[in-house]
Peer 1: 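One structure follows; several queries about it will come next.
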Amino acid sequence: MGNLVWHDLSRYISLTASVYAIWASFWGMFFRKFFWDFVGGILRNPGGLQPSPKVHIFIMLIVKIPVVQILTMVSGFLLISLEYPLPMFKGTILHRSIPLRIVLLTIQSFLAVLFYQIPKSFDAALASGDLFFYNSEIHEHNEIDITFEIRLCPALQKKPKPVEPPSNTDSGVSPTNQPDEPARKPDPFAPPYVPNLHVGDMHDEDSSTDYVVLLNKFCIVPNHFLLVTKEFRPQTSPLDPPDLVQAYLLLLAARQANKRYVAFYNCGPNSGASQPHKHIQFIEGGEDGPPIERLAKEAKLEVEGRPFSLNSVPYANHVFRLPQLSNKSKPADVEKIVFPPFHALLDLVISTVRHNPECPLGAPSYNVIFTLEHMHLIPRKWETHTLKETGEKLSVNSLGFAGMMLVKSEEELAAVKTESISTILRSVGLESVHELQVAGTSLEAPDGDATML
């Protein structure tokens with residue numbers, strides 16, 4: 001009787017392990033990670049541990065081609081067919097063989113430990129309920145030489161509002177980390193961080209600036225994350241050299257992991273920024289990048305190393321084509337490459353604002369879009385555009401100018417297409433005044449204006 005109990009127990013354990021192996025290998029197809037990538041790896045900041053070239057074969061068999069995941073799934077199905085026998089196996093030597101089960105379980109467990117999911121990943125945060133993901137569908141819309149992506153997400157109409165803590169001092173957040181606002185709204189980017197949203201910490205050695213990487217709590221695209229200053233700094237302030245350096249190091253780390261990300265920054269009250277705490281956002285941009293990036297790549301420059309404008313779009317914009325950045329670039333080298341262009345583009349943004357009397361008083365608002373190839377700055381006049389058909393206010397941030405609009409209903413989608421995206425972007429942006437701007441920026445020759453394309 002005892003042998004029978006132990007036999008059934010071992011059978012159930014084998015079945016459970018096999019079902020789990022199949023389930024894990026299924027998800028391992030979509031989220032691929034090499035378990036031993038720390039062996040001989042290089043610690044980069046940011047980017048974490050980068051696999052050693054010596055383990056390239058494992059990267060090939062797990063990350064690029066999921067051979068290990070497929071073999072794990074096959075071994076799992078084979079064990080299940082033996083433990084819960086198929087008619088073809090029942091009563092055969094294979095069905096009665098204990099050594100065969102031991103060998104298959106050993107192979108299965110060896111294969112399964114080779115790939116894993118990062119605990120603080122998008123999936124873990126979603127499963128725990130700490131992260132809200134909203135399904136959406138993309139509608140393509142062609143205008144002004146751009147194939148815009150209009151993302152329809154009806155679930156955003158029911159987006160849960162964050163619960164505000166009590167107004168007393170026991171909110172768990174240090175007052176020094178709060179924005180200086182009369183309403184004293186809670187800062188979602190202040191510690192303590194939600195463990196499943198907290199990806200990691202970063203430190204810029206030259207400036208001693210600390211950052212935290214957080215998953216976006218309310219996301220429409222998977223793996224949307226933020227680079228946030230640990231100490232509170234206002235979203236109305238321009239990007240500092242350390243901000244740009246850390247952002248570009250993250251883009252480089254993503255490229256090394258065969259991911260193409262686009263970063264964006266909404267600066268100022270009319271830029272579409274949702275939080276007052278300084279943060280840069282990152283989303284996957286696909287192989288060709290966001291739609292506006294494709295237009296920038298097609299631009300033919302007469303002179304390299306100078307700002308230019310995309311003349312086919314109806315709003316003021318300032319773009320810079322960056323030189324090739326190496327994956328092994330040091331922070332000091334990255335700063336020399338990316339900060340002077342940003343400073344030059346910011347000069348042009350401020351000049352554009354000064355030439356437009358319709359702009360609101362106060363600090364200028366603008367959007368920043370950057371990839372490893374280009375940096376875009378777009379000055380802003382208003383945050384929202386009122387749709388004529390529905391009367392609804394449509395908020396526009398950097399992604400709108402990147403070519404990716406967001407709508408919450410079929411009616412809003414139809415209104416955007418009818419009114420045209422170019423009209424919407426022009427209403428919240430500014431008129432280009434390149435011909436009136438003062439000649440020369442920190443990157444231009446004294447006798448030359450920014451290139452017009």
Side-chain angles (χ1 to χ4, degrees), residues 42-48 50 202-209 211 213 227 229 237-265 267 278-283 285 287-290 292-310 317-350 366-378 398 402 440-446 448 450-451 453:
I42 301 172
L43 181 61
R44 299 189 185 281
N45 181 22
Q50 303 299 316
M202 295 169 57
H203 177 74
D204 186 85
E205 294 183 357
D206 292 338
S207 65
S208 296
T209 305
Y211 300 87
V213 179
L227 176 66
T229 58
S237 62
L239 294 172
D240 298 321
D243 304 331
L244 286 165
V245 168
Q246 298 303 315
Y248 269 94
L249 288 176
L250 279 172
L251 292 177
L252 287 170
R255 182 175 70 182
Q256 193 166 5
N258 297 318
K259 300 287 186 179
R260 303 279 292 184
Y261 269 80
V262 56
F264 58 98
Y265 180 63
C267 184
K278 193 175 192 180
H279 62 286
I280 303 172
Q281 303 185 58
F282 297 78
I283 63 169
E287 188 62 30
D288 297 327
I292 194 65
E293 182 71 357
R294 299 163 202 164
L295 195 62
K297 288 178 181 178
E298 295 171 359
K300 304 297 182 182
L301 303 184
E302 295 181 2
V303 181
E304 294 287 345
R306 291 170 56 179
F308 63 95
S309 174
L310 301 175
N317 66 95
H318 308 287
V319 191
F320 191 92
R321 181 168 294 167
L322 297 169
Q324 181 70 29
L325 284 164
S326 168
N327 289 339
K328 298 181 180 179
S329 298
K330 296 180 180 179
D333 298 329
V334 174
E335 181 177 339
K336 291 178 182 178
I337 292 175
V338 302
F339 184 68
F342 175 77
H343 190 267
L345 296 177
L346 187 57
D347 283 346
L348 289 170
V349 165
I350 295 173
Y366 54 92
N367 296 120
V368 184
I369 306 162
F370 36 87
T371 67
L372 290 174
E373 291 79 25
H374 293 90
M375 187 180 294
H376 307 249
L377 265 71
I378 302 98
S398 294
T441 70
S442 59
L443 289 182
E444 295 181 280
T451 306
L453 294 173

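Side-chain atoms are counted along with the backbone in the values below, which use heavy atoms only and exclude waters and symmetry mates.
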Peer 1: Are any of the side-chain heavy atoms of N317 and H376 separated by less than 4.5 Å?
Peer 2: no
Peer 1: How close do A247 and L227 get, heavy atom to heavy atom, and via which atoms?
Peer 2: N-CD2, 3.9 Å
Peer 1: Check side chain to side chain contact (heavy atoms under 4.5 Å, CB included) between I283 and all other residues, then give those that pass, not counting sequence neighbours.
Peer 2: V221, H224, V262, F264, L399, M404
Peer 1: Looking at S329 and L249, what are the two nearest heavy atoms and their distance?
Peer 2: O-CD2, 4.0 Å
Peer 1: Mind checking what makes side-chain hydrogen bond (donor to acceptor under 3.5 Å, both in side chains) contact with S237, not counting sequence neighbours?
Peer 2: none
Peer 1: Tell me whether R321 contacts the main-chain N or O of E373 through its side chain, where contact means a donor paired with an acceptor under 3.5 Å.
Peer 2: no
Peer 1: Run the side chain to side chain contact (heavy atoms under 4.5 Å, CB included) test against Q324 and tell me which residues pass, sequence neighbours left out.
Peer 2: R255
Peer 1: Mind checking the CG-CG spacing from L251 to L244? Nearest 0.5 Å is all I need.
Peer 2: 10.5 Å
Peer 1: So how far is it from I378 CD1 to C267 SG, rounded to the nearest 0.5 Å?
Peer 2: 12.5 Å
Peer 1: Take a 6.0 Å sphere around NZ of K336 and say whether it holds more than 12 heavy atoms from other residues, nucleotides or ligands.
Peer 2: no
Peer 1: I need the R260 CZ to L372 CG distance, nearest 0.5 Å.
Peer 2: 6.5 Å
Peer 1: Begin from the C-alpha positions of M202 and L250 and carry the test side chain to side chain contact (heavy atoms under 4.5 Å, CB included) through to its verdict.
Peer 2: CA-CA 10 Å; M202 295 169 57; L250 279 172; 4.2 Å; yes
Peer 1: Would you say the side chain of P241 lies within less than 4.5 Å of the side chain of E335, judging by non-hydrogen atoms?
Peer 2: yes
Peer 1: Do the side chains of D240 and K278 get nearer than 4.5 Å, heavy atoms only?
Peer 2: yes
Peer 1: Of all the heavy-atom pairs spanning A296 and V319, show the shortest one and how long it is.
Peer 2: CB-CG1, 4.5 Å
Peer 1: Could you state the interatomic distance from CG (D347) to CG (L377), rounded to the nearest 0.5 Å?
Peer 2: 10.5 Å
Peer 1: Tell me every residue that passes side-chain hydrogen bond (donor to acceptor under 3.5 Å, both in side chains) with T229, counting only those two or more places apart in sequence or in another chain.
Peer 2: H277
Peer 1: Y248 and L325: which non-hydrogen atoms are nearest, and at how many Å?
Peer 2: CD2-CD1, 3.8 Å
Peer 1: Where is the tightest heavy-atom contact between A402 and I369, given as atom of each residue plus distance?
Peer 2: N-CD1, 3.6 Å
Peer 1: Begin with the C-alpha distance, continue with both residues' side-chain angles, and end with the deciding distance and a verdict on side chain to side chain contact (heavy atoms under 4.5 Å, CB included) for T371 and H374.
Peer 2: CA-CA 5 Å; T371 67; H374 293 90; 4.3 Å; yes
Peer 1: Could you give the distance from CD (E304) to CG (L322), rounded to the nearest 0.5 Å?
Peer 2: 11.0 Å
Peer 1: Between S398 (side chain only) and Y265 (backbone N and O only), is there a donor and an acceptor less than 3.5 Å apart?
Peer 2: yes
Peer 1: With sequence neighbours excluded, what pairs up with Y211 under the side-chain hydrogen bond (donor to acceptor under 3.5 Å, both in side chains) test?
Peer 2: D243
Peer 1: By side chain to side chain contact (heavy atoms under 4.5 Å, CB included), which residues pair with S208, not counting sequence neighbours?
Peer 2: H203
Peer 1: Rounded to the nearest 0.5 Å, what separates atom CZ in F370 from atom CZ in F282?
Peer 2: 6.0 Å
Peer 1: Restricting to non-hydrogen atoms, name the atom on L310 and the atom on A299 that form the minimum distance, rounded to 0.1 Å.
Peer 2: CD2-CB, 4.4 Å
